[in-house]
Amino acid sequence: MYELKHLRQNFDQIREQLGPRGADVPWDDLRKVIAERQEVSPKLDGLRHELKKGSEQVARLKRDKQPADQVVAEMKALGDRIKELEETVRVAEERLSELALRIPNLPHATVPAGRTPEDNPELRRWGTTDPLSFPAKPHWEIGEALRILDFERAAKIAGARFAVMSGLGAQLERALVNFMLDLHGTQHGYREVLPPFMVNAGAMTGTGQLPKFEEDLFVLRDDPYYLIPTAEVPVTNLHREEILDEAMLPIRYASYTACFRREAGSYGKDTRGLIRQHQFNKVELVTFTKPEQSADELERLTGHAEAVLQALKLPYRVVALCTGDLGFAAAKTYDLEVWLPAQGVYREISSCSNFEAFQARRASIRFKRAGGKKDAKTEFVHTLNGSGLAVGRTVVAILENYQQVDGSVVVPEVLRPYMGGIGRIVDEGKIKK
RNA sequence: GGAGGGGUGCUAGAGUGGACGAAUAGGCCGGUCUUGAAAACCGGAGUCCUGGCAACGGGACCGUGGGUUCGAAUCCCACCCCCUCCGCCA
């Protein structure tokens, strides 16, 4: 209902501001269904009012031992009429939300105009990208040679786009998760959350994955659950259908989860290595703020993700997504791209977004101001999230940036306490190639 | 998976098919009293849709969805969730 009201009151403005982003939306159908609902709904309320009065009259008559047959007959007819109208309204509202849930978010005013990723402006760079003193190898070659990454056996037990990590590779992954959670928890003030890795359709709708992107999700065959594509889904939906106290805001969560993505439509892209997997680990930052805080919060959250890269001494740059590259639910997004020397490119390792009230409206996440007037309405919170960071891609960056001429990989200093003091990954030689 | 018991407001917890948007208690907010507080007393409070500048109206909401009825928190059906016991299990 929130969606419907918002849409009805801002219909033309939304349509106009969306511009090409709203190209898929059947605006005329929408307008028609909204009008229909607006026409029938008050009628229905009126009839219900009559029915209520009539029924009260029946009660009074019976109490006074008076005949009520005539009123009962009238009310029966009225009841039938009401049932018809209820069906009409139900169908209209169903159709309405079906259409309305496919409308993307409006870009924030500060989002740069553009059509493709090439139009994304670079905001800043950190670290140096001097070439190595020897030819840089891609991470899959490094990992397979060290026997910490095994794509062949992963294909045997699962399929394409899966990896097995073992030995110090598995330890590196685990060290990164712990390091990131500790950093965000202790230094940055986030509360750690470990949610279910499967959710229901309601949660997926709340954050915007459904109904439009069902083909990107893994679905269970016999139970009504989806595997989460990101911790954003379970963690944002933690407060679905809640009215929060103003004093609770901002709420900041850091959450490790595995993430599952079908990657339908990306055949042939990044087929080698760990870049694009069906399952990967990620530490996600999710925050809820008051509307006036969300712009600052996005900068802050992005900084927290950057802090991980800086601590690991991995070179990166920050780009702002242009209007054409912005995701469905986001109002504004910064991507963090880490330097990969083998390909000589920056690759996305974190995406930090402000969704403003888009998800809050869908998931009904509201708050009430404390000092407000008596009749103050509830307001929608703003939701944000960002990877802090994608763990598999961080392993990629470490393998490639910390590789040595002898094929070993130096462990970044901040991770050593998490790896029993080990400073270098070498081939342990225990597993047959 | 089997058997039984439950889901009511911020919480606990009542609720014979009609006076129930819902008793009562606690908590919360405002006030009186007090140097201040506590206690006591008085008062106030839900969410959503909708009409109206407003005052103030109308409607919906007792896990969810159907059904019976003039009328459902209350009766019937299905589903979901929670608790207890049994089975299975990391």
Side-chain angles (χ1 to χ4, degrees), chain A residues 1-11 30 33-98 100-101 194-206 210 219-220 222-226 234 237-249 251 258 357 360-381:
Chain A
M1 280 317 250
Y2 305 103
E3 277 292 290
L4 307 190
K5 188 184 182 186
H6 173 73
L7 181 62
R8 183 170 64 84
Q9 292 177 344
N10 306 286
F11 193 90
L30 253 177
V33 189
I34 291 173
E36 189 188 351
R37 183 191 171 275
Q38 284 311 105
E39 193 202 322
V40 178
S41 189
K43 276 189 197 163
L44 180 59
D45 282 357
L47 294 185
R48 277 171 170 161
H49 180 63
E50 270 184 59
L51 181 70
K52 222 170 174 175
K53 293 292 166 223
S55 297
E56 280 166 19
Q57 197 188 339
V58 171
R60 251 180 282 117
L61 289 172
K62 294 217 163 174
R63 232 174 283 131
D64 299 342
K65 312 278 189 222
Q66 298 289 315
D69 294 357
Q70 195 192 329
V71 186
V72 166
E74 282 170 21
M75 288 308 109
K76 188 170 176 57
L78 187 56
D80 291 343
R81 176 86 182 110
I82 286 175
K83 265 180 194 150
E84 281 172 35
L85 282 191
E86 277 175 342
E87 179 64 8
T88 308
V89 170
R90 193 189 61 78
V91 169
E93 286 185 348
E94 203 168 274
R95 175 88 181 120
L96 199 40
S97 59
E98 203 174 282
L101 287 172
L194 184 58
F197 293 1
M198 298 177 216
V199 296
N200 57 35
M204 286 293 185
T205 306
L210 289 179
V219 193
L220 300 205
D222 294 327
D223 295 284
Y225 302 130
Y226 297 82
N237 279 285
L238 240 30
H239 295 297
R240 181 151 60 109
E241 277 151 49
E242 288 186 17
I243 299 173
L244 306 167
D245 290 336
E246 182 182 15
M248 294 167 72
L249 300 172
I251 297 172
R361 273 195 306 273
R362 294 168 74 108
S364 184
I365 309 169
R366 291 165 289 163
F367 76 104
K368 203 156 203 169
R369 295 200 190 261
K373 298 172 193 120
K374 285 166 249 160
D375 58 345
K377 298 283 290 174
T378 58
E379 296 174 54
F380 291 109
V381 301

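Below, each value reflects all heavy atoms present in this structure, side chains not excepted, and no hydrogens, waters or symmetry copies. Order of the sequence lines fixes the chain letters, A, B, ..., with proteins taken first and strands second; residue numbering starts at 1 for each chain.
A donor-acceptor contact shorter than 3.5 Å links the side chain of A:Ser97 to the backbone of A:Glu94.
Heavy-atom contacts from other residues, nucleotides or ligands closer than 6.0 Å to CD of A:Gln9 number more than 12. Other residues, nucleotides and ligands contribute only 12 or fewer heavy atoms inside 6.0 Å of the OH atom of A:Tyr225.
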Checklist entry - Going through the distances and angles, do A:Ile82 and A:Glu50 end up as a side-chain contact (heavy atoms from CB on, under 4.5 Å)? => result CA-CA 10 Å; A:Ile82 286 175; A:Glu50 270 184 59; over 6 Å; no

Checklist entry - What's the verdict on side-chain contact (heavy atoms from CB on, under 4.5 Å) for A:Val91 and A:Val89, showing C-alpha distance, side-chain angles and the deciding distance? => result CA-CA 5 Å; A:Val91 169; A:Val89 170; over 6 Å; no

Checklist entry - So A:Asn237 and A:Val199, side-chain contact (heavy atoms from CB on, under 4.5 Å) or not? Walk me through it. => result CA-CA 10 Å; A:Asn237 279 285; A:Val199 296; over 6 Å; no

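Side-chain atoms of A:Arg48 lie closest to B:G59 of the nucleotides B:G59, B:C49, B:U47. Here the nucleotide nearest the side chain of A:Thr378, chosen from B:U50, B:U47, B:C70, is B:U47. Taking the side chain of A:Ser55 as heavy atoms from C-beta on, and the options B:C81, B:G18, B:U47, the nearest nucleotide is B:G18. Set against B:U47, B:G71, B:U50, the side chain of A:Lys5 has B:U50 as its closest nucleotide.
Between A:Ala59 and A:Arg90, the one whose closest nucleotide on RNA chain B sits nearer the 5' end is A:Ala59. Between A:Gly54 and A:Gln38, the residue whose closest nucleotide on RNA chain B is further toward the 5' end is A:Gln38.
A:Glu39 has its CD atom 20 Å from the P atom of B:G59, to the nearest Å. B:C10 atom P lies 13 Å from atom CD of A:Glu241, rounded to whole Å. One interatomic measurement links the two molecules: CZ of A:Arg81 to P of B:C70, which rounds to 19 Å at whole-angstrom precision. Residue A:Leu51 contributes atom CG, which lies 14 Å from atom C1' of B:A60 at whole-angstrom precision. Summarising the geometry, the separation between CD on A:Glu56 and C1' on B:C20 is reported as 11 Å, rounded to the nearest angstrom. Per the geometry, CD belonging to A:Glu86 stands 12 Å off P belonging to B:G65, to the nearest Å. In this structure, A:Gln57 atom CD and B:U69 atom P are separated by 21 Å, rounded to whole Å. In this structure, the CG atom of A:Asp223 is 13 Å from the C1' atom of B:C80, given to the nearest Å.
Using a 4.0 Å heavy-atom criterion, one finds that A:Leu78 contacts no nucleic acid atom at all. The residue A:Lys52 sits close only to the backbone: its heavy atoms come under 4.0 Å of sugar-phosphate atoms, none of a base. The residue A:Val71 sits apart from the nucleic acid: no heavy atom pair falls under 4.0 Å.
Rounded to the nearest Å, the gap between the C1' atom of B:A23 and that of B:G15 is 8 Å. Straight-line distance between the P atoms of B:U11 and B:C62: roughly 16 Å, to the nearest whole Å. Atom name C1', nucleotides B:C80 and B:G63: the rounded distance is 8 Å, in whole Å. Across B:G58 and B:G21, the matching C1' atoms stand 15 Å from one another, rounded to whole Å. Comparing the P positions of B:A38 and B:C56 gives an interatomic distance of 32 Å, to the nearest angstrom. Taking atom C1' on both nucleotides, B:C81 is separated from B:G65 by 15 Å, rounded to a whole Å. Nucleotides B:C28 and B:C77 are separated by 40 Å at their C1' atoms, to the nearest Å. Taking atom C1' on both nucleotides, B:A3 is separated from B:C76 by 22 Å, rounded to a whole Å.
Between A:Glu86 and A:Lys83 no salt bridge is recorded (no basic side-chain N to carboxylate O distance below 4.0 Å).
Below the 3.5 angstrom threshold, one finds a donor paired with an acceptor across the side chain of A:Arg63 and the base of B:A19. Side-chain atoms of A:Asp45 come within donor-acceptor range of the base of B:G58, with a qualifying N/O pair under 3.5 Å.
Nucleotide B:U84 forms a pair with B:A3, judged by Watson-Crick or G-U wobble geometry with both contacts under 3.5 Å. Partner assigned to B:C41 is B:G31, using Watson-Crick or G-U wobble distances below 3.5 angstrom. With a cut-off of 3.5 Å on both pairing distances, the Watson-Crick or G-U wobble partner of B:A25 is B:U11.
The phosphate of B:G51 (OP1 or OP2) has no side-chain N or O of A:Lys43 nearer than 4.0 angstrom. Between A:His49 and B:G59 there is a side-chain N or O to OP1 or OP2 distance below 4.0 Å. Considering only side-chain N and O atoms, A:Arg8 lies under 4.0 angstrom from the phosphate OP1 or OP2 of B:U50.
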